[in-house]
Number of protein chains: 2
Amino acid sequence: MSQLPFAWDEIAEAKRIRDETAPPPNEEIDPKLEALVTQIIGQVADKWTMLVLEELEERGCLRFTQIARGIPDISQKMLTQTLRQMEREGLLTRTVHPVVPPHVDYELTDLGHSLGAAFCGVWLWAEENMDRIERARADFDARAGVVKA
Amino acid sequence: MSQLPFAWDEIAEAKRIRDETAPPPNEEIDPKLEALVTQIIGQVADKWTMLVLEELEERGCLRFTQIARGIPDISQKMLTQTLRQMEREGLLTRTVHPVVPPHVDYELTDLGHSLGAAFCGVWLWAEENMDRIERARADFDARAGVVKA
DNA sequence: CAGGATCCCTATCGATACTG
DNA sequence: CAGTATCGATAGGGATCCTG
């Protein structure tokens with residue numbers, strides 16, 4: 001067991017040379033654009049963003065506490081932060097009414113609504129395939145469990 | 001400046017009572033289902049998952065290092081982890097060829113491809129609205145900057 | 001080649017307290 | 001009501017080294 005069955009280093013070296021001489025794989029996508037898209041999706045697909053989006057999509061124009069009550073597990077910190085970010089990206093408008101009991105309400109912009117529509121596909125996919133995924137997970141875990149046991 | 005202009009506590013109290021007596025907002029969505037969907041989307045919308053999905057969607061059946069080379073910024077740790085998770089959820093298959101230089105390749109399942117299709121909508125949305133978002137961000141930051149300055 | 005194990009750091013998030 | 005500020009825990013993720 002103390003002998004190496006194969007010269008791994010030589011493989012690595014050969015691979016390295018091949019990689020250097022090989023032409024780069026066709027990069028059809030502008031990396032900068034891809035980075036932006038990735039970043040946008042990353043933010044947009046955020047757990048809280050999705051829930052806020054859903055809430056405003058279903059119930060229209062809401063105040064801070066109304067949204068908070070619709071998403072029980074969110075802390076005010078995360079809600080504030082999420083709303084700011086969504087406002088920054090133009091997904092919703094924040095309107096402050098200068099009255100003595102402060103009154104602020106939030107409403108989706110066209111952009112926000114369009115995002116909701118785009119996300120609908122993923123949402124439906126998740127709903128439709130939920131049990132398939134659960135089964136896949138159970139299978140995987142069962143196999144892993146057998147190996148460990 | 002030392003006097004409170006309004007009795008905030010009374011407002012809070014009135015609101016609290018109103019909330020308790022008000023009927024609960026119509027909860028059309030099964031919260032358990034929503035939690036699952038949220039979780040699935042949360043995992044699926046992960047940065048690396050998306051990139052791996054895209055890579056396999058475009059280039060078909062790939063080996064570990066081929067994927068790694070297609071996603072330059074990923075660490076092997078994250079790649080391994082992402083692949084395991086995707087395998088666990090049934091998005092891809094992992095095939096080990098028992099040869100001396102280890103050879104493992106990954107390929108999307110039907111489920112994986114269907115997810116790619118579902119995500120297409122969001123991807124297109126992000127592409128189409130990228131500049132709108134960038135402008136919105138710039139505007140927001142400009143306004144914020146003015147306030148601070 | 002494909003990946004496991006380890007260390008370590010930072011970004012994130014929740015809870016709490018305070019304010020206009 | 002609608003936030004801001006601060007602190008502490010913790011998990012995500014990178015860098016590095018090691019192995020079959």
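Being a predicted model, the structure only gives us computed values, none of them experimental. Protein chains get the first letters and strands the later ones, always in sequence-line order, with residue 1 at the start of each.
- A straight line from CD of B:Q66 to P of C:dG3 spans 13 Å, rounded to a whole angstrom.
- Each of A:R94 and B:W48 has a nearest nucleotide on DNA chain D; the 5'-most of these lies closest to A:R94.
- Between D:dA2 and A:R63, a contact under 4.0 Å exists linking OP1 or OP2 to a side-chain N or O.
- Side chain of B:R59 to main chain of B:Q66: a donor-acceptor pair is present (N/O by atom type, distance under 3.5 Å, no hydrogens or angles).
- In this structure, A:D46 atom CG and C:dA11 atom P are separated by 17 Å, rounded to whole Å.
- A:F64 has its CZ atom 6 Å from the P atom of D:dG3, to the nearest Å.
- For A:D139, the salt bridge (charged side-chain N to carboxylate O under 4.0 Å, His left out) criterion is met by no residue, not counting sequence neighbours.
- Residues forming a salt bridge (charged side-chain N to carboxylate O under 4.0 Å, His left out) with A:R63 (at least two apart in sequence, or on another chain): none.
- In this structure, A:H97 atom NE2 and D:dC1 atom C1' are separated by 13 Å, rounded to whole Å.
- Rounding to whole angstrom units, CD1 of residue B:I71 and C1' of D:dG14 are separated by 16 Å.
- Sorted by residue number, the members of residues 75-92 of chain B with any non-hydrogen atom under 4.0 Å from DNA chain C read B:Q76, B:K77, B:T80, B:R84.
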Could you list the donor-acceptor pairs under 3.5 angstrom formed by side chains in residues 73-80 of chain B, with sequence neighbours left out?
from  : atom 1 : to    : atom 2 : distance (Å)
B:S75 : OG     : B:M78 : N      : 3.3
B:T80 : OG1    : B:Q76 : O      : 2.8

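- One end of the helix from C:dC1-D:dG20 to C:dG20-D:dC1 points its axis 50° away from the other end's axis, with each axis taken from 5 pairs and the angle rounded to 10°.
- For A:E87, the salt bridge (charged side-chain N to carboxylate O under 4.0 Å, His left out) criterion is met by no residue, not counting sequence neighbours.
- Distance alone, capped at 3.5 Å, places no donor-acceptor pair between the B:T65 side chain and the B:A68 backbone.
- Residue pairs meeting the ring-ring contact (aromatic ring centres under 6.0 Å, His included) criterion with at least one member in residues 50-91 of chain A, sequence neighbours excluded, do not occur.
- In this structure, the ring-ring contact (aromatic ring centres under 6.0 Å, His included) partners of B:H103, at least two apart in sequence or on a different chain, are B:H97.
- The stretch residues 89-112 of chain A participates, sequence neighbours left out, in these salt bridge (charged side-chain N to carboxylate O under 4.0 Å, His left out) pairs: A:E89-B:R137.
- When rounded to the nearest whole Å, the span between CD1 of A:I67 and P of D:dA2 equals 9 Å.
- To the nearest angstrom, P of C:dC13 lies 9 Å from NZ of A:K47.
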